[in-house]
**Q** 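Just passing along the structure, written as structure tokens.
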Amino acid sequence: FSAFNGDALQDVTLYTGDLPARYGGNLSSVLEVTMREGNRKKYSGDIHISPVAGSVVVEGPVKKDRASFLVSGKNDTGILSAKAQGIGHGIPQLCLPALVGTGYNFYDLNAKVNWEINPYNRLYISMYNSRDSRFATWKAKDSKHSDRFRFYWGNLSVSGRWNHLFSPTFFSNITLYYSQFNNSQIMTVYNESVSQREQSKTNSRLRDWTLKTDSEIAIGEKHRTRFGTVCSIKYYAPEMSYIGSVNLNENVRDTTTGNVYSLETYLEDHW
């Protein structure tokens, strides 16, 4: 499944290898995704349903001809989880635990609001949120207790952008955005020797606060110059582990975390 709802997209550009200077901190590739603006004239929407997933798009004016919104969401229908139940039933167990349930679910949400303050100033606010989860439950032969595993990951991004038009050939953007990525694995196992559950967790996390300016000057029909600055604070937590029993406070924790501060400036000339 795509991480983006196609009905909410205006433009998608993939850069590989040779990247523009404005993406100077990236190494391999950049996928530049632009959401389209909502309809400023009237309210409208679309609904798509398949056996596996469904999506909905709603858009319309906040103030006619001046401001509009667009909201798009996608979710699984539950069949990825429901059809997986009971896989282990009827299978000779031998020495292996029986898989009694497994599945996968997800959701994605996009939203964008735009406001034309006047012919020279526009304001944009957008948001993207996604969550995926995979889980499994199994039980050893002749055991009354089941073991559980869950793996989930998700993204959140919120941004605000102010666009100012100085002249028909010169404009600039000021953008403030926050993004985060979380990845967690949780394993819960029943320890027969001590008659209690034990749990282990592994988390990875990335957070990013960025303030950036982008300006573009059209010198001629085939010549334009772009320049700007980027100020960011990135928080890295590549792996934080927790191991211990549910009923006790014993734990082992690895806190390999840190902040990275950066200030960049760039200049591009496209001829």
**Q** How many angstroms lie between atom CD of E216 and atom CD of E268, to the nearest 0.5 angstrom?
**A** 9.0 Å

**Q** Do F166 and L267 share a hydrophobic cluster (ILVMFWY, side-chain heavy atoms under 4.5 Å, transitive)?
**A** yes

**Q** Say whether Q180 and Y235, considering side chains only, have a donor N or O and an acceptor N or O under 3.5 Å apart.
**A** no

**Q** Show the nearest heavy-atom pair for residues R66 and N118, with the distance to one decimal.
**A** NH2-N, 4.2 Å

**Q** Looking at D132 and Y152, would you say the former's side chain and the latter's main chain have a donor-acceptor pair under 3.5 Å?
**A** no

**Q** Under 4.5 Å between side-chain heavy atoms, hopping through other hydrophobics if needed: is there a path connecting I174 to I217?
**A** no

**Q** Knowing that exactly one of L156, D108, V158, L109 qualifies, which makes a side-chain contact (heavy atoms from CB on, under 4.5 Å) with Y128?
**A** D108

**Q** So, N182 and S204: side-chain donor and acceptor under 3.5 Å apart, yes or no?
**A** no

**Q** Ignoring hydrogens, what is the shortest heavy-atom contact between K212 and Y177? Give both atom names and the distance.
**A** CD-CE2, 4.1 Å

**Q** Quick check: is L176 connected to V230 through a chain of hydrophobic side chains (ILVMFWY, heavy atoms under 4.5 Å apart)?
**A** no

**Q** Give a yes-or-no answer on whether the side chains of R207 and S179 include a donor-acceptor pair shorter than 3.5 Å.
**A** no

**Q** Answer with yes or no whether the side chains of H48 and N5 bring together a donor and an acceptor at under 3.5 Å.
**A** no

**Q** Does the side chain of E32 reach to within under 4.5 Å of the side chain of V12, using non-hydrogen atoms?
**A** no

**Q** Can you list the residues that meet the ring pair (Phe, Tyr, Trp, His ring centres under 6.0 Å) rule with F69, with sequence neighbours excluded?
**A** none

**Q** State, to 0.1 Å, how close L263 and C231 come at their nearest heavy-atom pair, and which atoms those are.
**A** CD1-CB, 4.1 Å

**Q** Go through the structure and list residues passing salt bridge (charged side-chain N to carboxylate O under 4.0 Å, His left out) with E37, not counting sequence neighbours.
**A** R40

**Q** Would you indicate whether the side-chain heavy atoms of T34 and L9 approach each other to under 4.5 Å?
**A** no

**Q** Which atom pair, heavy atoms only, marks the closest approach of Y43 to P61?
**A** OH-O, 3.1 Å

**Q** Can you tell me if OH on Y120 sees more than 12 non-hydrogen neighbours from other groups inside 6.0 Å?
**A** no

**Q** Please check this pair: side chain of R148 against backbone of A136, looking for a donor-acceptor N/O pair closer than 3.5 Å.
**A** no

**Q** Against the six-membered ring of Y124, is R161 placed for a cation-pi contact (under 6.0 Å from the centre, within 45° of the normal)?
**A** yes

**Q** Where do S72 and A8 come nearest, in terms of heavy atoms and distance?
**A** CB-CB, 3.8 Å

**Q** Give the minimum heavy-atom separation between T265 and G228, together with the two atoms involved.
**A** OG1-O, 3.2 Å

**Q** Same hydrophobic cluster for V58 and I49, using side-chain heavy-atom links shorter than 4.5 Å among ILVMFWY?
**A** yes

**Q** Kindly list each side-chain donor-acceptor pair under 3.5 angstrom involving residues 13-21, sequence neighbours excluded, with atom names and distances?
**A**
residue	atom	partner	partner atom	Å
T13	OG1	D11	OD2	3.2
Y15	OH	R22	NH2	3.3

**Q** Among residues at least two apart in sequence or on other chains, which ones pass ring pair (Phe, Tyr, Trp, His ring centres under 6.0 Å) with F151?
**A** W153

**Q** Got a sec, which pairs hit salt bridge (Lys or Arg N to Asp or Glu O under 4.0 Å) with one end in residues 50-61, sequence neighbours left out?
**A** R36-E59

**Q** Would you say the side-chain atoms of N203 and S184 include a donor-acceptor pair closer than 3.5 Å?
**A** yes

**Q** Is the closest side-chain donor-acceptor distance between K234 and S232 under 3.5 Å?
**A** yes

**Q** Taking atom types as modelled, is there a side-chain donor on N163 or N173 under 3.5 Å from an acceptor on the other?
**A** yes

**Q** I'd like to check the ring pair (Phe, Tyr, Trp, His ring centres under 6.0 Å) partners of W209; sequence neighbours left out, ordered by chain and number.
**A** Y178

